[in-house]
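What follows is a short report on a single structure.
Residue numbers count from 1 along this sequence. Note that these values count all heavy atoms, side chains included, but never hydrogens, waters or copies made by symmetry.
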Amino acid sequence: MAIIHQAQLQPTKLELLEGWLPGRPWFTAKGSGVSKVGAFRFDDPAGEVGLETILVAADEDVYQVPLSYRASPLAGAEAFLVGTMEHSVLGKRWVYDACADPCYAEVLAATVLTGQPQANHYLDVDGRLEVMPESVVVGSTGPFLAERPAVRQITARDTATGTVVRAGDLEVLVKRRLDIPAQPAPARSMTGTWEGQSGPVILAVAAGGA
């Protein structure tokens with residue numbers, strides 16, 4: 001589960017993204033301002049890394065931005081650092097483009113290839129956990145593998161439309177600028193739906209790894 005704290009962030013996530021997104025090859029909006037459409041999270045099996053995917057709107061397009069939140073720098077990922085922020089409960093957090101984070105790659109592969117569900121959101125209110133509604137609901141198309149794939153060393157490469165995450169013979173294309181209206185999802189895809197969206201939108205597509 002994903003536990004959300006009632007906390008102050010400095011800078012905010014959107015402020016970080018407004019400074020980082022214009023430098024991405026897949027971000028074509030002319031202005032730097034973005035607004036949040038929704039978000040979903042995955043669970044880190046070790047419980048150490050926060051994994052959140054934020055959908056943002058800019059110039060009438062919707063973009064997918066997976067982020068990982070860490071309590072210390074991720075070795076070798078300097079080129080993928082979005083920035084740092086102060087969390088009033090957890091302290092300093094290093095925020096990365098999650099496509100280059102092995103923790104995200106592992107759970108992304110598990111979602112696409114085994115149908116592992118997204119994390120449920122809970123709000124920590126004075127030590128009491130309250131269920132939060134999901135603003136983005138994630139699904140997978142299958143066919144599914146029986147076992148969670150092993151993901152170790154990864155590479156991440158940006159293209160004009162997305163980011164290719166590679167681990168061994170597994171390759172997952174994380175779509176960045178999302179196709180609205182929705183297109184038919186191929187096999188072994190991850191899809192998402194949110195308020196105002198009539199059908200599942202393709203978020204990622206896997207090749208290999210079977």
Side-chain angles (χ1 to χ4, degrees), residues 2-44 48-105 107-108 118-119 121-125 130 132-138 156 158-163 165 174-178 180 192 194-197 201 203-204:
I3 299 176
I4 310 301
H5 300 277
Q6 292 181 313
Q8 298 295 318
L9 302 178
Q10 183 60 39
T12 67
K13 297 171 188 178
L14 288 183
E15 287 171 342
L16 277 181
L17 292 181
E18 286 174 350
W20 179 77
L21 284 170
R24 306 308 105 198
W26 39 262
F27 187 76
T28 59
K30 300 304 181 184
S32 60
V34 299
S35 59
K36 183 176 177 180
V37 173
F40 62 92
R41 289 184 179 249
F42 291 131
D43 280 324
D44 168 20
E48 296 293 330
V49 182
L51 300 172
E52 180 182 28
T53 295
I54 302 176
L55 304 186
V56 298
D59 286 1
E60 300 183 353
D61 287 321
V62 176
Y63 295 86
Q64 177 182 198
V65 188
L67 300 173
S68 64
Y69 307 118
R70 289 178 168 267
S72 58
L74 174 61
E78 294 81 5
F80 298 91
L81 180 68
V82 176
T84 60
M85 63 184 182
E86 291 294 332
H87 190 290
S88 61
V89 175
L90 301 176
K92 188 172 184 177
R93 309 295 284 174
W94 279 258
V95 184
Y96 289 93
D97 176 354
C99 289
D101 195 315
C103 184
Y104 171 77
V107 295
L108 174 65
Q118 70 195 86
H121 281 80
Y122 293 87
L123 181 65
D124 185 343
V125 181
E130 297 183 356
M132 298 178 63
E134 301 299 335
S135 58
V136 179
V137 177
V138 173
D158 281 334
T159 72
T161 59
T163 303
V165 180
V174 178
K175 296 187 61 118
R176 297 296 200 155
R177 191 168 66 251
L178 302 180
I180 311 293
W194 55 90
E195 185 177 357
Q197 179 56 35
V201 175
L203 301 177

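For the atom pair L108 CG and C103 SG, the distance stands at 11.5 Å (nearest 0.5 Å). Atom OG1 of T28 is separated from atom CZ of R177 by 4.5 Å, given to the nearest 0.5 angstrom. The structure places CG of L16 at 7.5 Å from OG1 of T84, a figure rounded to the nearest 0.5 Å.
Smallest separation of non-hydrogen atoms from E48 and R93: O-NH2, 4.3 Å. Contact record, P102 with A100: CD-O, 3.6 Å, taken as the closest heavy-atom pair. Nearest heavy atoms, E18 versus P22: O-CD, 3.3 Å. Taking every heavy atom of both residues into account, L203 and Q64 meet most closely at O-NE2, 3.0 Å. Here the closest heavy-atom approach between residue V165 and residue C99 is recorded as CG2-O, 3.6 Å.
Considering only residues two or more places apart in sequence or on other chains, D97 meets the salt bridge (charged side-chain N to carboxylate O under 4.0 Å, His left out) condition with R176.
Y96 places a side-chain N or O within 3.5 Å of a backbone atom of L74 that can act as its donor or acceptor partner. Side-chain atoms of Q118 never come within 3.5 Å of backbone atoms of E134 as a donor-acceptor pair (strictly under, hydrogens ignored). In this structure, the side chain of Q10 does not engage the main chain of E86 through any donor-acceptor pair within 3.5 Å.
Using a 4.5 Å cut-off on side-chain heavy atoms (C-beta onward), F40 and S135 make no contact. Contact annotation: the side chain of W20 approaches that of V65 to within less than 4.5 Å [non-hydrogen atoms, C-beta and beyond]. Within the 4.5 Å cutoff, no side-chain heavy atoms of V107 are placed close to those of D44. Side-chain contact between L67 and L17 is present, with heavy atoms from C-beta onward closer than 4.5 Å. Counting only heavy atoms from C-beta outward, the side chains of W26 and T161 never approach each other to under 4.5 Å. The closest side-chain heavy-atom distance from R70 to D101 is below 4.5 Å. By the 4.5 Å heavy-atom criterion applied to side chains, V34 and L14 are counted as neighbours.
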- Task: With side-chain contact (heavy atoms from CB on, under 4.5 Å) as the test, would you mind laying out the steps for T163 and F80 before giving the verdict?
- Result: CA-CA 12 Å; T163 303; F80 298 91; over 6 Å; no
Solution key, residues 49-58 side-chain donor-acceptor pairs under 3.5 Å, sequence neighbours excluded:
| unit_1 | atom_1 | unit_2 | atom_2 | d |
| --- | --- | --- | --- | --- |
| E52 | OE1 | K13 | NZ | 2.8 |
| E52 | OE1 | R41 | NH2 | 3.4 |
| E52 | OE1 | Y69 | OH | 2.5 |

